[in-house]
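It should be emphasised that the depicted structure is a prediction, and the values quoted were computed from it without experimental measurement.
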Amino acid sequence: MSLLSAADVSVTRSCENSELNGKSIDAVVAMHGHYDHALDTPLIAALTGATLIANREVLSASSRTAKLFPDLCAITDTIEITDSGPIRISLGNIKLTLFETPHSTNPASTLLERLPADEAWEFPTSIRDFKSGISLAAHIETPDGAILILPTAGNIGPRLRNLNLEANTIFLGVGGLGWQSSNKIKRYILNSVIASRATKVIPIHWDAHAPAIDPSAPSLPIPAYENLNRALQALAEISKDNPDISILSIPTLNPFDPFSRPHHSKAKLMENLFMKSYSLKVLALSGAFMFSNAAVNSLVFAEEACDTCFTAQFWKTPDRGVDYPEMQDDDFRRGRASFGVAFQGGGNRAAPAALGQLRALHDLGWIKQIRYITAISGGSWTAIPYTYLKKDCATDSGAYCDEDHFLGTYYSPAALGEILPQVITSARAAGASVNDIPGFAPGSMLGAIGRANVTKKMFNAWKMGRFDESYSETLGEIYLKPFGLGRANKSDPDSLFTWRLTDKDRVRRSRENRRPARVHYVERDRPYLIVGGTLLTQRIIIDPHKKFRMEMTPLYTGMPMRRFPYGDKVSVGGGFVESHGYDQATHRAEIFANKTELSLKLPQYGGRIDESRLNFSLSNVAAVSGAAPVETFVNLPVLQGLLSNFGFPEHYSPTDQEVGDKIKPLAKKDSVYQKEWAHGDGGHEDNLGLAPLLARQVENIIVFANAYAPLDAERVEACRNAFTAFDKAPQGARLKESVRKTCEEDMVGDDLPSFFVQTESQIHNIGLTMVKNDDSGLTGLRRRYEDLITLAEDLVRQRNVSCEKYHYDPAASVSPGIAYTPTICVVFLGLETAWSKPLLANAPAEHRPAIMKALELTAAGASTVNRRWMKGFRSGGFPHLGTFFDQRMHIIDTEAPRLLALSNLTAWKLQEADTVKQIKDAFGKNGLRLK
């Protein structure tokens with residue numbers, strides 16, 4: 001009653017009229033269900049006729065309060081808080097935002113939560129019957145300013161930043177804060193006071209509950225057991241470092257203006273609040289339990305300080321596409337169709353092929369409708385700078401950001417025949433630079449691809465001390481630095497990346513205790529990028545059971561499937577951490593409603609020389625996705641011992657499993673130790689980039705199969721004939737190994753088949769069946785081969801394009817996701833005389849031999865090469881440039897004329913009338929109308 005009188009609020013005398021003397025209370029909010037909150041809020045609501053806003057625990061207590069005080073008016077208006085929010089309520093010109101925040105882990109509340117409760121309790125009862133339930137914080141926006149109330153000193157993490165909640169004044173719960181570690185106190189203040197940008201801080205919830213309040217006292221009594229000195233000292237330090245912040249006390253039972261200027265000096269106010277040092281002997285709570293000071297220290301405050309830790313969110317792999325983090329953005333979800341494109345991997349073949357296809361998607365106007373781009377290996381080398389291409393570049397930065405220049409000019413076959421001679425002549429000129437060649441100017445993606453002399457650059461990076469960052473350093477210099485996305489100077493820390501501008505600000509605030517680094521975000525309106533990689537649980541002699549698909553995206557990175565690869569407690573995968581938190585170790589994992597936040601620490605090894613090397617950068621993404629040498633070369637017996645540790649990607653992969661501070665050789669037996677995982681090319685698991693789109697139930701998909709070998713019509717026919725004979729064979733006959741090899745590796749390469757059958761190298765993709773074969777009567781493995789052969793026959797018959805409806809069942813490969821029926825169009829890379837003939841016909845006669853040699857063409861426009869090297873070694877005949885050694889003596893490098901021709905061939909193919917018609921008709925039947 002004293003509190004209500006002090007606030008000049010009269011209690012109701014009549015249940016019909018709750019407004020007396022022009023003063024009323026609109027609502028009373030119970031911040032959680034402990035006894036010191038749940039006992040008085042229902043009573044105040046009943047006395048004033050206010051709406052009671054509370055969780056289930058408090059509302060349960062309110063019904064028992066009514067029995068205790070039968071003469072009070074009934075509480076007629078309640079709002080039950082059932083989830084973590086944010087919950088927004090308008091009360092006249094006041095806007096109230098409620099959101100969940102963890103309760104303080106002080107010893108009293110911890111024990112209260114653990115002690116058993118009597119569900120059928122009635123007054124009088126023990127305080128242990130009052131459980132917290134959902135613990136709330138409140139943001140109150142008024143015409144005069146904003147107030148933030150954090151009633152309990154729990155680990156709030158980055159919630160204020162995530163919700164963009166700022167305030168003029170913060171009522172800061174400090175109960176039990178003084179017993180926490182210095183690092184936790186500092187982190188709490190940073191995540192509350194600094195994050196809210198409040199200039200007035202009023203410490204609350206440190207007062208004693210038992211004694212009566214003396215209205216004449218200048219301030220509330222300070223209980224000895226709070227150890228308030230340490231909390232107030234930390235606030236004083238923050239105030240000293242931030243002169244605009246005042247730490248205030250409030251008068252006892254007297255109204256005050258939370259937005260007015262403080263009337264006293266900071267020093268005086270702090271002096272009024274500081275208490276003398278007391279020694280805690282015994283704490284007793286209503287006779288329920290008691291414990292000593294030693295118990296307090298050992299119970300919950302033994303946690304080691306972590307001065308370098310920062311927070312990042314973790315998401316368990318969802319089954320439904322609508323539950324992925326990016327889909328929680330309303331503008332993104334509503335603004336783009338269920339439409340995805342996938343760029344197959346293949347080094348410097350995939351990079352220019354994807355560039356031409358992106359250019360065509362722009363020219364067709366389809367790019368604005370696409371929700372997802374997935375890219376593997378060389379496809380990602382183009383997709384990453386395309387996605388992160390900046391809107392503006394400083395003239396003195398040496399970076400380029402013009403979109404048209406990046407994509408380059410499209411040349412029709414005839415126009416290409418005219419310009420190729422200039423390109424060939426310029427490329428052969430003594431001392432010529434790639435950027436002097438027409439079409440390869442600085443700022444063009446072709447200009448970057450044309451500089452891909454990986455071998456020399458990687459040795460230089462390794463000598464420079466980049467070690468397992470050597471490959472990423474090399475790719476960053478080639479494909480990202482021209483666009484301001486790599487390291488501008490050798491001394492710069494590795495940069496970070498995220499999705500939106502708001503995410504960038506949040507990442508920076510989260511990592512305030514780390515060395516400052518650039519944070520790139522997606523500045524242009526782009527589809528959401530998913531780059532595929534592979535996490536290896538075995539470094540050498542890699543078999544299909546020891547490698548798993550991973551995803552790297554602007555918001556998050558991780559491995560969808562959870563595995564315990566070594567039979568001990570150490571797991572990997574099962575979800576995604578915010579990308580800026582990858583390559584760190586999990587110190588703590590805290591579950592908040594349906595969200596999990598990780599406190600991430602520096603691994604034992606990796607950050608000793610420079611912790612910023614562990615910043616997971618766009619260069620790392622390009623290196624992981626394009627690390628084909630890891631499996632391709634490391635599996636060669638003579639090179640296993642050397643190349644398994646030579647400069648290729650290795651990263652820590654944090655999950656919601658907390659890990660210790662030691663690596664396995666130094667860790668205790670049966671402990672969860674730190675593990676740095678080898679990473680390999682995305683193509684070693686899913687070289688198409690199709691799996692992420694299927695996992696998200698994307699309805700309309702274009703797969704750009706930029707394969708290393710041409711579609712082989714003869715082998716397609718041979719495969720069909722082999723299965724026709726097999727169907728006539730006696731029951732129990734086994735399929736010949738040579739037939740399997742023909743069908744799984746030779747007729748359309750070995751990437752498409754992995755989605756129909758388990759191949760020798762890929763076992764986790766299987767799950768597609770073709771709808772039009774549902775009535776074939778075939779089942780099991782025979783049906784899956786039938787669908788694969790049907791796809792190959794469609795590609796032959798329809799000039800490298802097949803659009804079909806499929807069933808997808810993730811259970812076939814024990815993958816995350818749900819079954820659904822997408823429409824998938826496969827556009828297969830291949831040489832077509834409809835493109836090559838006009839090119840040669842329009843080229844000057846004296847230059848045709850040079851063009852034919854550069855592109856491996858006959859005078860009739862056909863390929864002069866019909867070789868199939870070991871998956872991507874050497875050229876398979878234009879346009880199937882070699883993933884490796886397309887140019888002799890260079891692991892990854894390709895001559896400029898071949899790059900220019902390939903990028904224009906893929907752009908031509910996608911814009912060709914027959915291709916456009918097939919895709920539009922197929923997607924139109926599925927409800928997507930393309931321009």
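Contact check for V796 versus F828: no side-chain heavy atoms found under the 4.5 Å cut-off. Residues P692 and E551 are in side-chain contact: their nearest non-hydrogen atoms beyond the backbone lie under 4.5 Å apart. Using a 4.5 Å cut-off on side-chain heavy atoms (C-beta onward), R783 and D774 make contact. Contact of the C803 side chain with the D921 side chain is not registered, since no non-hydrogen atoms from C-beta on lie closer than 4.5 Å. Under the 4.5 Å side-chain criterion, counting only non-hydrogen atoms from C-beta, Y479 is not in contact with I384. Between L855 and R898 there is a side-chain heavy-atom pair separated by less than 4.5 Å. Two residues are said to be in side-chain contact when any heavy atoms from C-beta on lie closer than 4.5 Å; P385 and M445 meet this criterion. At least one side-chain heavy atom of L900 sits under 4.5 Å from a side-chain heavy atom of F440.
Remark: side-chain polar atoms of S802 are not paired, donor with acceptor, to backbone N or O of L791 under 3.5 angstrom. The backbone N or O of G817 lies less than 3.5 Å from a partner atom in the side chain of D319, making a donor-acceptor pair. A side-chain donor-acceptor contact under 3.5 Å links S813 to the backbone of I766. No donor-acceptor pair under 3.5 Å is formed between the side chain of R349 and the backbone N or O of G378. Side chain of T894 to backbone of L899: no donor-acceptor contact under 3.5 angstrom is found. Looking at K547, its side chain does come within 3.5 Å of a backbone N or O of S761 through a donor-acceptor pair. Judged by distance alone, the side chain of E832 and the main-chain N or O of G830 form no donor-acceptor pair under 3.5 Å. Judged purely by atom type and a 3.5 angstrom limit, T906 uses its side chain to pair as donor or acceptor with the backbone of A353.
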Next on the checklist: Go through it in stages, so that I can follow the logic: the residues are T790 and N773, the test is side-chain hydrogen bond (donor to acceptor under 3.5 Å, both in side chains), and I'd like the CA-CA distance, side-chain angles, deciding distance and then a yes or no.
Outcome noted: CA-CA 9 Å; T790 302; N773 286 338; 3.2 Å; yes
Checklist entry - For D914 and K917, what are the C-alpha separation, side-chain angles and deciding distance, and is it a salt bridge (charged side-chain N to carboxylate O under 4.0 Å, His left out)? => result CA-CA 5 Å; D914 286 347; K917 185 177 186 307; over 6 Å; no
Next on the checklist: Could you go through L881 and Y708, starting from their C-alpha distance and side-chain angles, then the distance that decides it, and tell me whether this counts as side-chain contact (heavy atoms from CB on, under 4.5 Å)?
Outcome noted: CA-CA 7 Å; L881 313 183; Y708 67 89; over 6 Å; no
Next on the checklist: E793 vs K772, test: salt bridge (charged side-chain N to carboxylate O under 4.0 Å, His left out). Steps then yes/no.
Outcome noted: CA-CA 14 Å; E793 290 173 336; K772 73 177 182 183; over 6 Å; no
Next on the checklist: If you apply the rule side-chain contact (heavy atoms from CB on, under 4.5 Å), what do you find for L364 with Q911, and how did you get there?
Outcome noted: CA-CA 7 Å; L364 290 166; Q911 295 179 91; 4.1 Å; yes
Next on the checklist: Checking L768 against L694 for the side-chain contact (heavy atoms from CB on, under 4.5 Å) test, could you report, in this order, the C-alpha distance in whole Å, the side-chain angles of both residues, the deciding distance, and whether it holds?
Outcome noted: CA-CA 10 Å; L768 286 182; L694 297 174; 4.3 Å; yes
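Each of D686, D751, N706 was scored for a side-chain hydrogen bond (donor to acceptor under 3.5 Å, both in side chains) with Q344, with one residue passing: D751.
Classification of the Y820-Y808 ring pair by plane angle, with boundaries at 30° and 60°, yields perpendicular.
Between H362 and Y410, the ring center distance fails the sub-6.0 Å criterion. For F497 and H580, the distance between ring centers is not under 6.0 angstrom. Between Y785 and F756, the ring center distance fails the sub-6.0 Å criterion. Ring centers of F339 and F923: under 6.0 Å apart, within the cut-off. Outside the 6.0 Å centre-distance limit, the rings of F576 and W315 are not counted as a close aromatic pair. Residues F704 and F343 place their aromatic rings such that the two centres sit under 6.0 Å apart. Here the two rings, on H651 and F616, have centers that are under 6.0 Å apart.
Between the side chains of S377 and N687, no donor N or O sits under 3.5 Å from an acceptor N or O. Residues D750 and T759 have side chains that never bring a donor and an acceptor to within less than 3.5 angstrom of each other. In summary, the side chains of Y556 and E326 do present a donor paired with an acceptor at a separation below 3.5 Å, with no hydrogens or angles considered. Under the 3.5 Å distance criterion, with hydrogens and angles disregarded, no donor-acceptor pair is assigned to the side chains of E685 and Q762. Checking T553 against Y528 by side-chain atom types alone, a donor-acceptor pair falls below 3.5 Å. Between H520 and K390, the side chains place a donor N or O and an acceptor N or O closer than 3.5 Å (distance only, hydrogens not considered). Side-chain contact, N800 with K909: no donor N or O sits under 3.5 Å from an acceptor N or O. When only modelled atom types and interatomic distance are considered, N620 and S617 share a side-chain donor-acceptor pair under 3.5 Å. One side chain, S653 or Y582, offers a donor N or O that lies under 3.5 Å from an acceptor on the other.
Counted within 6.0 Å of NZ on K837, heavy atoms from surrounding residues, nucleotides or ligands total 12 or fewer; the atom is thus considered open. Within 6.0 Å of CD on E760 lie no more than 12 heavy atoms contributed by other residues, nucleotides or ligands. Other residues, nucleotides and ligands place no more than 12 heavy atoms under 6.0 Å from the NZ atom of K925.
For K931 against Q369, the heavy-atom pair with the smallest separation is N-OE1, 3.6 Å.
Between R715 and D746, at least one side-chain N (NZ, or NE/NH1/NH2) sits under 4.0 Å from a carboxylate O, which counts as a salt bridge. At a threshold of 4.0 Å, the pair K391-E523 does not count as salt-bridged, since none of the basic side-chain nitrogens sits closer than that to a carboxylate oxygen. Of the charged side-chain nitrogens involved, none lies within less than 4.0 Å of a carboxylate oxygen, so that R784 and E786 do not count as a salt-bridged pair. Salt bridge absent: R500 and D503 never bring a charged side-chain N and a carboxylate O closer than 4.0 Å.
Atom CD1 in I763 sits 11.0 Å away from atom OG in S754 (nearest 0.5 Å). The OG1 atom of T821 sits 13.0 Å away from atom OH of Y806, with the distance rounded to the nearest 0.5 Å.
Under a cutoff of 6.0 Å and an axis angle of 45°, R696 and Y324 form a cation-pi pair.
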